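Report on one structure; see the data block that follows.
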2 protein chains.
Amino acid sequence: MSIRLAIVGLGKIARDQHLGAIAATDGIDLVAVASRNAALEGFASFNDIDELLASDVWVDAVSLCTPPQGRFAQARAALAAGKHVMLEKPPGATLAEVHALEALAKAKGVTLFATWHSREAAAVEPARALLAGRTIRRVAVEWKEDVRHWHPGQAWIWEPGGLGVFDPGINALSIVTRILPETFHLVCCELFFPENRAAPIAASLAFQTASGVPVEAEFDWRQTGPQTWDIRIETEEGPVVLTHGGSRLMVDGEPRIVEEDREYRNLYRHFVSLVGDGRIDADFAPLVHVADAFMLGRRTAVEAFED
Amino acid sequence: MSIRLAIVGLGKIARDQHLGAIAATDGIDLVAVASRNAALEGFASFNDIDELLASDVWVDAVSLCTPPQGRFAQARAALAAGKHVMLEKPPGATLAEVHALEALAKAKGVTLFATWHSREAAAVEPARALLAGRTIRRVAVEWKEDVRHWHPGQAWIWEPGGLGVFDPGINALSIVTRILPETFHLVCCELFFPENRAAPIAASLAFQTASGVPVEAEFDWRQTGPQTWDIRIETEEGPVVLTHGGSRLMVDGEPRIVEEDREYRNLYRHFVSLVGDGRIDADFAPLVHVADAFMLGRRTAVEAFED
C-alpha cells in the first residue's frame with residue numbers, strides 16, 4: 001500500500017524538486033499540502049500542519065520543505081502524531097533540536113529521514129567506494145555560486161538560522177562527510193559577513209582528518225558567470241574529482257560518470273524503503289561542521305549585499 | 001594500584017584546582033607535567049605531551065588543562081598511546097573533534113572523561129532529583145561575572161574557539177542540561193561582540209524544552225561588584241533556586257544546601273572510578289548548545305574591551 005504523504009511548505013524547493021520526484025516514485029502518493037501562502041489544485045490544502053493533523057485527511061508521512069528556522073514545531077507535531085517525517089536540508093536551525101527530533105522518532109517508532117540531496121548525486125557512491133581503497137593526501141572543495149540566481153528574494157537565508165553561504169556549502173559538506181573514509185574537524189575558519197546581513201556570504205574553512213590530512217573548503221555566494229561545485233581529492237594513486245555538484249566524476253584524469261540529476265527521486269525512493277523497514281536515517285555530521293564553523297570562525301565584515 | 005597521571009598545561013586552572021584535587025584523591029597520583037612555560041618541582045617535567053609520551057616515565061592517564069583550541073592533537077596523541085584522558089571544559093574547540101576523540105577512546109578501549117566541573121557543585125544532584133518529580137513552568141539562568149577578575153590577561157578566551165562569555169556560560173549550561181528532565185533547544189539568541197574582539201562578551205539566549213517550557217539565559221562578562229551565578233526554576237509546586245554556581249539550593253523559599261566547593265575532587269574521584277570500570281563519560285550537550293548559539297545568534301557590536 002502506498003504511503004500517503006503531505007508536503008509542508010510549498011515554496012521554491014517543493015515546486016522545483018519535490019512534486020516531480022514524488023510523482024515519479026513508486027510506493028508514495030502526495031495527498032495533501034500545508035502552506036501559508038499557496039494551495040495545490042487537486043490536493044487537500046491546509047494553512048499549516050496543525051490544521052492538516054486535525055483534519056479527516058489521513059496521511060502516513062510528512063515531508064517538510066519549510067525554512068529551517070520554524071521546522072522544529074512542525075516536525076515535532078508530525079512525529080508526536082505518529083507520522084513518518086522527511087526533512088529537507090538543513091534538518092533544523094540547531095543541533096539540539098534535531099537530536100530531540102531523532103529521540104522522539106525513536107520513542108514513537110516512526111521513520112525520521114534527514115535528507116542530504118547532494119549525497120544522491122551520481123558520482124557520490126562511486127567516489128566513496130573508490131576512495132575506500134586509496135591513500136588520500138589532500139582534499140579541496142570549491143563551492144561558488146550566484147546567490148541572486150539561486151535564492152531570489154529568499155529573505156530567510158540571510159536571517160539567523162538561515163546559514164547564509166552554508167545553505168549551499170552544507171551540500172558540499174554532506175558529500176565530503178560521505179565519501180571520505182575518515183572523519184575530520186575544523187581547525188581554522190574565516191567567515192565573511194556583508195555589513196548589512198546576519199549571515200555570511202562567503203567562508204574559508206580548513207579542516208583536518210583525524211590522521212592529519214588537510215581538507216580545505218572555499219564557499220562563496222558572489223560568483224557570477226560559470227558556477228563551481230567541485231571537490232578535488234588528491235590521492236597517492238592519482239586525482240579523484242567530483243564536479244557539477246557531485247554529478248560528474250573524473251578519476252586519474254579520465255571521465256567516469258556523467259549522469260542526469262536524479263537526487264530527489266533517490267531521496268523519495270530511500271524514504272519509501274526506510275518507512276517499509278521502520279528505520280531512521282539521521283546523520284547530522286554536515287550540520288555539526290556548520291555549527292563548528294560559526295563557533296570557531298573569525299568574522300570579517302565585507303561589502304553590503306542588496307538583493 | 002594508583003593511576004599514574006600526567007597534567008598537560010600548567011596554567012591557572014591546573015594550579016588553582018587540579019593539583020590540590022589530585023593530591024586529595026585516593027587512587028590517583030600525579031607523576032609528570034607537560035607544559036610549555038612551567039615545570040613543577042618534584043615531578044618529571046616535559047615541554048609537551050609528545051616528549052612525555054616518548055620518555056621512559058610511565059603514565060596511565062593524562063589530564064588536559066590546556067586551552068581548547070590546541071587540545072585535539074594532545075588528546076589524540078594520548079588516546080592513540082592507550083592512555084586514559086580527562087578533558088577540562090570545554091572539551092574541545094569543535095564538536096566534530098570531540099566526537100572523533102570519543103570514537104578513538106572506544107576503539108582503543110580506554111576511558112575518556114569530558115568533565116563539567118559545575119555539575120559536581122553540591123546543589124546539582126539534589127536539584128535534579130527534586131525536579132524529576134515536579135512540573136516545571138519556566139527556567140531563568142543569570143550568569144554574570146567580571147572577566148577581568150577571573151581571566152586576567154588570558155588572551156585565548158577572546159580568540160576564535162575561546163568562546164568568550166560562553167567559557168563561564170557553558171558551566172551554567174552544563175548544570176541546566178543535567179538537572180532538567182527534558183532536553184531543550186535554542187529558539188532565539190543575541191550575541192554581543194566587543195568591536196575589537198573575536199568572541200562575545202555577553203549573550204542573551206531563549207531556549208525551549210521539547211514540550212515548550214521556556215528556558216532563558218543571560219550571560220555577561222561585564223559584571224563588577226557582586227557576581228551572579230544563579231539558576232531559578234519555577235515549578236507548579238514552588239521555586240527551586242540554585243545560587244553561587246550551583247553550590248547552594250533554595251527550595252520553596254527555604255535553604256537546603258550550603259556546602260563548600262568540592263567540584264574538582266569529585267571530578268577526580270569520578271575519573272578514578274571510570275578508569276576502574278573501563279567506562280567513557282562524554283556528554284557534549286553543553287557544547288552543542290554553545291555551537292547552536294554561535295550558529296543561530298544574531299550579532300551586535302558593543303564597546304571595545306581592553307584588558
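No experiment lies behind these values; they were computed from the predicted model shown. Note on naming: letters A, B, ... go to the chains in the order of the sequence lines (proteins, then strands), and numbering restarts at 1 for each one.
If you tally non-hydrogen atom pairs under 4.5 Å between each of B:Ala100, B:Cys188, B:Ala80, B:Ala210 and chain A, the highest count goes to B:Ala210. Interface check for chain A: of the options B:Gln69, B:Arg299, B:His289, B:His99, the most heavy-atom pairs under 4.5 Å are formed by B:Arg299. Ranking B:Val288, B:Leu101, B:Val187 against chain A, the residue ahead of the rest is B:Val288, based on heavy-atom pairs under 4.5 Å. When each of A:Val290, A:Leu104, A:Leu186 is scored by its heavy-atom pairs under 4.5 Å with chain B, the top score falls to A:Leu186.
Shown here is B:Glu51, whose CD atom has more than 12 heavy atoms of other residues, nucleotides or ligands within 6.0 Å.
When all heavy atoms are compared, the tightest approach of A:Arg76 to B:Ser211 is NH2-CA, 3.8 Å. The nearest pair of heavy atoms linking A:Thr94 to B:Met295 is CA-CE, 4.0 Å. The shortest heavy-atom contact between B:Leu296 and A:Gly161 is CD1-CA, 3.4 Å. Taking all atoms of both residues into account, the shortest heavy-atom contact from A:Ala291 to B:Ala291 is CB-CB, 3.8 Å.
The closest side-chain heavy-atom distance from B:Glu97 to A:Gln208 is not below 4.5 Å.
No part of B:Phe207 comes within reach of chain A, as not one of its non-hydrogen atoms sits under 4.5 angstrom from that chain. Neither the backbone nor the side chain of A:Phe166 comes within less than 4.5 Å of any heavy atom in chain B. Heavy atoms closer than 4.5 Å to chain B are found in the side chain of A:Ala198, but not in its backbone.
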